[in-house]
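First the structure, in the form of structure tokens, and then the observations on it.
Sequence lines set the chain letters: A, B, ... in the order given, protein chains first and strands last, and positions in each chain run from 1. As the structure is a prediction and not an experimental result, all values here were calculated from the model.
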Number of protein chains: 2
Amino acid sequence: MVWSRVPLSPDLIDTIRDQVNRKDLAAATHELSPLDIADLVALFERFEQKPRAVLYRLLEKQRALDLFEELPPALQGELLHGLQDSEVTQLFADLDPDDRIWLLDEVPAVLATRLMRDLPPEDRELTASMLGYPQASVGRRMTPEYVTTRAEFSVAQTLVRVRDRIDQAETVYTIPVIADGRRVIGVVSLRDLIGAAEDTPIAHLMEDVVTATVMHPAESAARLCTERGFLALPIVDSEDRLVGMLTIDDAVKIIEESETEDAARQGGVEPLRRPYLATPVTALVRSRIVWLLVLAVGATLTVHVLEVFEETLAQVTVLALFVPLLIGTGGNTGNQAATTVTRALALDDVRPRDILRVLGRELRAGALLGLLLGALGFAVAGLIYSPAIGIIIGATLLAICTTAAAVGGIMPLAARAIRVDPAVFSNPFITTFVDATGLILYFLIARSVLQL
Amino acid sequence: MVWSRVPLSPDLIDTIRDQVNRKDLAAATHELSPLDIADLVALFERFEQKPRAVLYRLLEKQRALDLFEELPPALQGELLHGLQDSEVTQLFADLDPDDRIWLLDEVPAVLATRLMRDLPPEDRELTASMLGYPQASVGRRMTPEYVTTRAEFSVAQTLVRVRDRIDQAETVYTIPVIADGRRVIGVVSLRDLIGAAEDTPIAHLMEDVVTATVMHPAESAARLCTERGFLALPIVDSEDRLVGMLTIDDAVKIIEESETEDAARQGGVEPLRRPYLATPVTALVRSRIVWLLVLAVGATLTVHVLEVFEETLAQVTVLALFVPLLIGTGGNTGNQAATTVTRALALDDVRPRDILRVLGRELRAGALLGLLLGALGFAVAGLIYSPAIGIIIGATLLAICTTAAAVGGIMPLAARAIRVDPAVFSNPFITTFVDATGLILYFLIARSVLQL
């Protein structure tokens, strides 16, 4: 599609200024799209610092880079300041996630690094959100304070660069090797620099590099970093241009946070924000009451199921004796499967596309467990009560264990597939679900065996 | 106590040789104790390499060090080889833990480091066990390959040392500063070395050091390392003498292993040794069946409880309808408390001595949760069934939530106090326990309200 040249009228400038003031970013984006770089330069020269920064964030990445390079140096500096302005960053942080997706392209890597670098660490997350890096992405957690080198530099030249930035850099032990356009082509460790002769070219010491993109979930980038034993992982944009580093101590913190969250969710509580003994009792209650209520409401299902079978229950009261044992065993089997699969997901051992394999495995594991427990239940209940009761208990254990393992196993995968934290389908949740189905199975089996 | 000088007779040599052959280490220790260093040197000169190494490990630390220094250099080398001999290390690895406690003092730090350093990483754990470092202690996981410096050295001298050992050392980024006798007095980072002038004395760059002892549990040393963001943590013996370093990548692995174990135990499964999809279904079953059986046997308690109240149940069948809901809510409340406290324990936020504070907090939290749920239960059950049923359900929810939270909260602390993994008192375990008590509470309340 070719755009006809639209002259840059004072009207257009007013229109766009008005749109920015009304925060109608979609309309402003639309107005900007037909303009060429020369028009954009003219337009940007006529705007004040804050609206200029806002407009800049509405451009696609390549146009943003082209424009930046065409701007007079003074305006480049002003633009950078504008992009760091707290009102501007807040405006983008407050955007609806849906708006952000089509509004914001990444900021060009060279600007992103310069923007982040001038900021105190506590302001970085807000700016990272303005840069278009999604929540819980590694872009929000990386550090912009690092040292780079180039393949054609010598060890001595690189050490000079290291010494120059040693006070600012958060990490100097892993040094990315970049080519033109900040593309990362390798990595060199400070250790190897120290061990090598001063005139060795970096190209000789450079090792293959593993990177993660800014959009990558922080947790999986962190696991990549710790599993491979990297002291720092270079973070790149979608064009492999370096924008930051994830250091191992931050990676450890990210993993720790997610482990705490997973552990809590598995037990059906919200993670505490503070150490246990420093958390007021009312905050403990708040972290538990919502799930407890949800689960209690879910459990009213079991009341309804039992009501349906109340007549059977009145006829054969002995059936009531086994209710807690049967649903308890189902809950345990479901929890075991869910725990194993949730952990496997957290460690990336299993992915949502493996759902059928997991289902097959859990059905078999559940059936095997059910056969073992069912045989035992049949023998014991058959001897103590009656053969009919023995058959009912045995068959129910087999049925319950099989369904519970299958449900418990696929639930975390289903959650991940719909982008919900797998640990949210916590063990208590699975227990409640399995309770109700277990009761239905139990009474259907009892009725058919007893021919009621 | 003063020992009379016992002459070193050929008989004594034969006796001791015989004791070592019979692996009666207690008796050999007894024979060694009255000998002075000169006697020991004479004795050691008369032994072969393997029994000599075994005898050496029976000496207390100070005597072991004194003897080592008195031995001719050739014998020193032979002794080190003997201590690394696989038969010797295996002998000590196979010792009963009870025997080890009084038999084995630590090996002097200077020997420990030299012993470990000459070994391939895969043999280190066995030697560490021979050195007297207990299972799951950081002594088993530290690396002996590091670089040290001294306060009086210059930056240039230290960098020479770093370059000399750069191929062997597993970590060169954190360099312990030692004084005489290998005592750790500080630490200096490679980063600071690079940033400083070549003639700066280490004393000027040295920072305060945090260490862990070899006997420390590996997990808490690992958490110390990651929480403080250390790239390596110096590990010392009981006299603060350096014997190894725990690197952050090993620390991360240790924590990961223990998280996986905790997550599994919480769900009542044994941790898998392999990735989920690579684990045969029969191995999945094996990891679950024992706990499932234990819990099922525990759950027969609920059958007995219900039998006791069978008459009440037959009179008022409507009571049966609420059994799953009530015990489910109890289980959930117990799980929530157990999950929170287990995590707090893992993060060292809570210690066993806090048991009364935890009990008080969980009683209050449980009572509050019980009041909220109980009020709701009273209203709903009262409206749908009868006021009496409403009162029973409301009061039972209050009673169950309070006890469940208290039991769930103190169980992990009790486990830790008796040195059992807190996660072993897993959520399923607590559920089963709470089920039985919940039923008793329910029927006692029902009987007294209905005056049966």
Interface moiety of [X] toward chain A, non-hydrogen atoms closer than 4.5 Å:
X	value
Arg223(B)	side chain
Leu372(B)	side chain
Glu310(B)	side chain

[X] versus chain B, the contacting section by heavy-atom distance below 4.5 Å:
X	value
Leu193(A)	neither
Ala337(A)	both
Thr279(A)	both
Leu376(A)	side chain
Leu373(A)	side chain
Leu439(A)	side chain
Arg343(A)	side chain
Val162(A)	side chain

#### Entry: Within 6.0 Å of CD in Glu311(B), more than 12 heavy atoms from elsewhere
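At most 12 heavy atoms, drawn from other residues, nucleotides or ligands, come within 6.0 Å of this atom.
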### Message
Counting neighbours of OH on Tyr442(A) that are heavy atoms of other residues, nucleotides or ligands and sit closer than 6.0 Å, is the number greater than 12?
### Response
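Yes - once you tally the heavy atoms of other residues, nucleotides and ligands closer than 6.0 Å, there are more than 12.
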For residues [X] and [Y], report the shortest heavy-atom separation together with the two atoms involved.
X	Y	value
Thr302(A)	Leu325(B)	OG1-N, 3.8 Å
Ile327(B)	Pro324(A)	CD1-CB, 3.6 Å
Thr329(B)	Ala296(A)	OG1-CB, 4.4 Å
Thr171(B)	Arg191(A)	N-NH1, 4.1 Å
Arg288(A)	Ala365(B)	NH1-CB, 4.3 Å
Ala320(A)	Leu313(B)	CB-CD2, 3.7 Å

### Message
With a 4.0 Å cut-off on N to O distance, would you call Glu198(A) and Arg163(B) a salt bridge?
### Response
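Looking at Glu198(A) and Arg163(B), the cut-off is not met.
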Option that, when pairs with chain B are counted at under 4.5 Å, heavy atom only, ranks first among [options]:
options	result
Thr282(A), Val172(A), Leu292(A)	Leu292(A)
Val380(A), Asp164(A), Leu231(A)	Leu231(A)
Thr317(A), Thr432(A), Val303(A)	Val303(A)
Gln336(A), Arg357(A), Arg364(A)	Gln336(A)

### Query
How long is the gap from OH on Tyr173(B) to OG1 on Thr174(A), to the nearest 0.5 Å?
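The distance works out to 6.0 Å.
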### Straight-line distance of Ile166(A) CD1 to Ile194(B) CD1, nearest 0.5 Å
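If I round to the nearest 0.5 Å, the distance is 6.5 Å.
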### Message
Strictly distance-based, threshold 3.5 Å: is any side-chain N or O of Arg361(B) a donor or acceptor partner for the main-chain N or O of Leu284(A)?
### Response
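Flag not set: sc Arg361(B) to bb Leu284(A) has no pair under 3.5 Å.
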### Message
side chain to side chain contact (heavy atoms under 4.5 Å, CB included) for Leu369(B) and Ile289(A)? Distances and angles first, verdict last.
### Response
CA-CA 7 Å; Leu369(B) 291 166; Ile289(A) 187 67; 3.6 Å; yes
### Full working for side chain to side chain contact (heavy atoms under 4.5 Å, CB included) between Thr340(A) and Tyr276(B)
CA-CA 8 Å; Thr340(A) 308; Tyr276(B) 175 80; 3.6 Å; yes
### Message
Can you confirm whether Glu256(B) sits close enough to Leu347(A) that some side-chain heavy atom of one is under 4.5 Å from a side-chain heavy atom of the other?
### Response
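Of all side-chain heavy-atom pairs linking Leu347(A) with Glu256(B), at least one is under 4.5 Å.
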